[in-house]
S.K.: 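Sharing a structure with you now.
Reminder, nothing fancy here: chain letters follow the sequence lines and each chain counts from 1.
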2 protein chains.
Amino acid sequence: MRLDQFDLALLEAVQQDATISQQDLGARVNLSSAAVNRRLKKMNMHGVIRKTVALVDPAHLGYALTVITEVEVESERLDLLDAMKRSFLACPQVQQCYYVAGACDFVLVMLVRNMEEYTQLTRELFFESNNVKGFKTLVSMSNVKVGTAVPVGSEGH
Amino acid sequence: MRLDQFDLALLEAVQQDATISQQDLGARVNLSSAAVNRRLKKMNMHGVIRKTVALVDPAHLGYALTVITEVEVESERLDLLDAMKRSFLACPQVQQCYYVAGACDFVLVMLVRNMEEYTQLTRELFFESNNVKGFKTLVSMSNVKVGTAVPVGSEGH
DNA sequence: CAATCTGATGCAATTTCATTTCGCTTTCAT
DNA sequence: ATGAAAGCGAAATGAAATTGCATCAGATTG
């Protein structure tokens, strides 16, 4: 799908705040609300906008700790990796999981209430997997930036 | 702010999809649309819901690569750390930045179009900082999970 | 124990917003 | 030129959010 300057401006706006009315969006980018509606609908259908969600403050739900874990696997057999991926996907505390090339194999970003919850999770996710050679835990002292906005400025793809 | 079962159910729902109408939400949790409206407004005001945003697919904007960088700093002087934090915050490609205890000092999750863009960013963010002892780059081969939903089930805080 | 205060509810009226329709303009390839 | 395709704005329609109001349950107090 081809995106013009209007689309990009809309994306930039709704990435910051999806509650702005289409009228206001139109005023901001110089378009009628009908045009805004059509463009947003199209971008939703084409998957440019994956979804629109409420971002909840973890602290208010008791999730005070962000922990980053680097996991090294024993075997790279595909079925074993898939099983691990599935267990990470299924775990609500796992906010993000990347399968990476480099020193380790998986990087996880997790949200936990306290260290006990984390150690409990390591048991479930790592020890019981039988395919984890080792893991390194990094505890976040400060979540400097936790953003969701994809850069939109500069050139198109 | 105290959250009851209704609030939690609402949070769970709007974390998945913030476009559901308040009527439908009400039907789902057994509440009138007015009550849903009031509860959502309250949670917005109290910061339980930080914001509601559209999640954009990076690939559609040409951001094909996710890179994780572990940065080790030279000095932990507060003013120097703050300067670094600010430069990370200001960089749109930096999706997340954590200041961590452990082997390294910062963990960054970045979104870039290609490796060139990344090496360019390392120049701006790391080499020009004069406070980076070294950094390790992990390239994501598979973004297994990139979620935003804070766990809501189980016990309250 | 009764009075009262608080916070939250549902209903219904109102207002705001999203969505569709329609006629018009532009672009581009015939 | 000409017709098809794409996109626009204004206005009509339909849906949703918001608010006023009467009410109710639970806690607090005299």
S.K.: For P151(A) versus P92(B), what's the shortest heavy-atom pair and its separation?
M.R.: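 Residues P151(A) and P92(B), closest heavy atoms: CG-O, 3.6 Å.
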S.K.: Go through the steps for C97(A) and L89(A) under the test side-chain contact (heavy atoms from CB on, under 4.5 Å), then give the verdict.
M.R.: CA-CA 8 Å; C97(A) 169; L89(A) 263 173; over 6 Å; no
S.K.: Between P on dG7(D) and CG on L3(A), what's the gap in Å once rounded to a whole number?
M.R.: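 From L3(A) CG to dG7(D) P: 12 Å.
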S.K.: Flag this pair as yes if the NZ/CZ of K145(A) is under 6.0 angstrom from the six-membered ring centre of F88(B) and inside a 45 degree cone about the axis; otherwise no.
M.R.: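 No, K145(A) and F88(B) do not form such a contact.
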S.K.: dG7(D), OP1 or OP2 - any side-chain N/O from R39(A) closer than 4.0 Å?
M.R.: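 For dG7(D), OP1/OP2 do not have a side-chain N/O of R39(A) under 4.0 Å.
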S.K.: Scan side-chain atoms only and decide if N131(A) and S75(A) contain a donor-acceptor pair under the 3.5 Å cut-off.
M.R.: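 No, S75(A) and N131(A) have no side-chain donor paired with an acceptor closer than 3.5 Å.
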S.K.: Indicate the ring-plane relationship of F126(A) and F135(A), choosing parallel, tilted or perpendicular according to the 30° and 60° boundaries.
M.R.: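 Tilted.
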S.K.: Can you build the contact string for nucleotides 9-20 of chain D? Use B for base contact, S for sugar-phosphate-only contact, and - for no protein heavy atom under 4.0 Å.
M.R.: BB-----SSBBB
S.K.: Any salt bridge between R39(B) and D4(B), counting N to O under 4.0 Å?
M.R.: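 So R39(B) pairs with D4(B) through a salt bridge.
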S.K.: Enumerate the residue pairs fulfilling salt bridge (charged side-chain N to carboxylate O under 4.0 Å, His left out) with a member in residues 43-71 of chain A, sequence neighbours excluded, ordered by first and then second residue.
M.R.: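 Output for this query lists E70(A)-K136(A).
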S.K.: Can you tell me how far P of dT20(C) sits from CG of L40(A), to the nearest Å?
M.R.: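 Those two atoms, CG and P, are 13 Å apart.
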S.K.: Atom CZ of F6(B) to atom C1' of dT9(C): distance rounded to whole Å?
M.R.: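 So the CZ-C1' distance, F6(B) to dT9(C), works out to 10 Å.
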S.K.: Tell me: CG of L10(A) to P of dG7(D), nearest whole Å?
M.R.: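 These atoms are roughly 14 Å apart.
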S.K.: Can you see whether Q120(A) engages E116(A) through a side-chain donor-acceptor pair at a distance of less than 3.5 angstrom?
M.R.: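 No, no side-chain donor-acceptor contact under 3.5 Å.
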S.K.: For DNA chain D, which residues of residues 42-56 of chain A approach it to below 4.0 angstrom with any heavy atom?
M.R.: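 Result for residues 42-56 of chain A: K42(A), sorted by number.
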